[in-house]
Amino acid sequence: MPELVVQLTRVGFLVLLWLFVLAALRVVRSDLYAASGLKVAMPGLRRAKEQKKPRGNAKTPRQLLVTHGALAGTRITLDGRPITLGRADDSTLVLDDDYASTRHARLSLRGTDWYVEDLGSTNGTYLDRAKVTAPLRVPLGVPIRIGKTVIELRP
């Protein structure tokens, strides 16, 4: 009987080891796809319909300001080019944040509005208190949270 218990324990540990290896490979695969720029289908994501709203005499954003986190006070001038956020060295704003993914989020200009889009990050991107699941328009002064880092668009 003890021989049977030892064999079952060995098989159980082997199964747990393989589950751990498969989970690690899944994480590495998702990071590689994100780093290569390929789009991976994420269940439940749908494109938001863009609606043009009259802006009147509203101020246009001129810079991106980091308000909280390790890079607090950092400013990036907005020149119309997309801004990538994440831990990757080639990101526009390289985040030194344990909760940020390699390619975490992107800010892009569409017409006269800036939109934030989560790039399949592990911990998510939040606009104010709402989780970003599709590209969302970013109003002036509304916080975008990535882990412990908070950024805002400023005039």
Side-chain angles (χ1 to χ4, degrees), residues 9-51 53 60-155:
T9 304
R10 286 182 181 172
V11 170
F13 280 128
L14 189 60
V15 168
L16 286 175
L17 177 66
W18 275 106
L19 288 175
F20 175 76
V21 168
L22 292 175
L25 287 175
R26 182 173 174 233
V27 169
V28 169
R29 179 179 163 263
S30 68
D31 279 349
L32 286 176
Y33 275 120
S36 68
L38 293 174
K39 295 289 182 185
V40 179
M42 299 295 286
L45 286 182
R46 292 183 217 131
R47 289 274 181 200
K49 292 183 181 178
E50 296 181 30
Q51 298 176 353
K53 296 180 182 179
T60 59
R62 301 267 184 239
Q63 56 186 252
L64 180 73
L65 173 66
V66 180
T67 57
H68 293 90
L71 299 172
T74 303
R75 294 175 186 267
I76 296 176
T77 302
L78 301 175
D79 58 2
R81 289 183 289 185
I83 296 173
T84 55
L85 308 162
R87 290 186 319 198
D89 291 334
D90 62 343
S91 296
T92 309
L93 182 62
V94 179
L95 301 175
D96 186 24
D97 191 327
D98 293 336
Y99 298 101
S101 297
T102 305
R103 303 257 186 267
H104 197 99
R106 176 176 40 233
L107 282 167
S108 56
L109 185 62
R110 297 182 186 178
T112 58
D113 296 327
W114 284 90
Y115 283 77
V116 64
E117 176 183 4
D118 186 83
L119 300 176
S121 64
T122 305
N123 294 315
T125 304
Y126 294 86
L127 179 63
D128 201 8
R129 293 184 181 176
K131 188 169 185 174
V132 175
T133 57
L136 293 175
R137 189 176 77 78
V138 182
L140 278 173
V142 174
I144 301 168
R145 185 172 55 82
I146 297 172
K148 296 176 183 175
T149 305
V150 180
I151 59 176
E152 294 179 7
L153 293 179
R154 296 285 174 94

Are the side chain of [X] and the backbone N or O of [Y] linked by a donor-acceptor pair below 3.5 Å?
X      : Y      : answer
Asp118 : Val132 : no
Arg87  : Ala100 : yes
Ser108 : Pro82  : no

Closest non-hydrogen atom pair, [X] against [Y]:
X      : Y      : value
Ser91  : Val94  : O-CG2, 3.6 Å
Gly124 : Lys131 : CA-CE, 4.0 Å
Arg75  : Leu65  : CG-CD1, 3.6 Å
Trp114 : Pro61  : CD1-CG, 3.5 Å
Ala70  : Asp96  : CB-O, 4.3 Å

- prompt: Which pairs with one or both residues in residues 12-23 pass salt bridge (charged side-chain N to carboxylate O under 4.0 Å, His left out), sequence neighbours excluded?
  reply: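 Residue pairs with at least one partner in residues 12-23: there are none.
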field: Any residue meeting side-chain hydrogen bond (donor to acceptor under 3.5 Å, both in side chains) with Asp89, in chain and number order, not counting sequence neighbours
entry: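 Partners of Asp89 by the side-chain hydrogen bond (donor to acceptor under 3.5 Å, both in side chains) criterion come out as none, since no residue qualifies.
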- prompt: Sequence neighbours excluded, which residues qualify as side-chain hydrogen bond (donor to acceptor under 3.5 Å, both in side chains) partners of Thr149?
  reply: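 Thr149 satisfies side-chain hydrogen bond (donor to acceptor under 3.5 Å, both in side chains) with Asp97 once adjacent residues are dropped.
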- request: Please name all residues satisfying side chain to side chain contact (heavy atoms under 4.5 Å, CB included) with Val142, sequence neighbours left out, ordered by chain then number.
  value: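 Expected list: Leu127, Asp128, Pro139.
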- prompt: Who are the salt bridge (charged side-chain N to carboxylate O under 4.0 Å, His left out) partners of Arg154, not counting sequence neighbours?
  reply: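 With sequence neighbours excluded, Arg154 shows a salt bridge (charged side-chain N to carboxylate O under 4.0 Å, His left out) to Glu152, given in chain and number order.
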message: Among residues at least two apart in sequence or on other chains, which ones pass salt bridge (charged side-chain N to carboxylate O under 4.0 Å, His left out) with Asp79?
response: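 Partners of Asp79 under the salt bridge (charged side-chain N to carboxylate O under 4.0 Å, His left out) test: Arg81.
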- prompt: Do Ile144 and Leu107 come within less than 4.5 Å of each other through their side chains, counting heavy atoms only?
  reply: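 Ile144 reaches Leu107 side chain to side chain.
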Working to the nearest 0.5 Å, report the span between [atom1] of [X] and [atom2] of [Y].
X      : Y      : atom1 : atom2 : result
Leu95  : Thr102 : CG    : OG1   : 11.0 Å
His68  : Ile151 : NE2   : CD1   : 13.0 Å
Arg145 : Thr67  : CZ    : OG1   : 11.5 Å
Leu136 : Tyr126 : CG    : OH    : 13.0 Å
Leu64  : Leu153 : CG    : CG    : 6.0 Å
Leu119 : Arg103 : CG    : CZ    : 9.0 Å

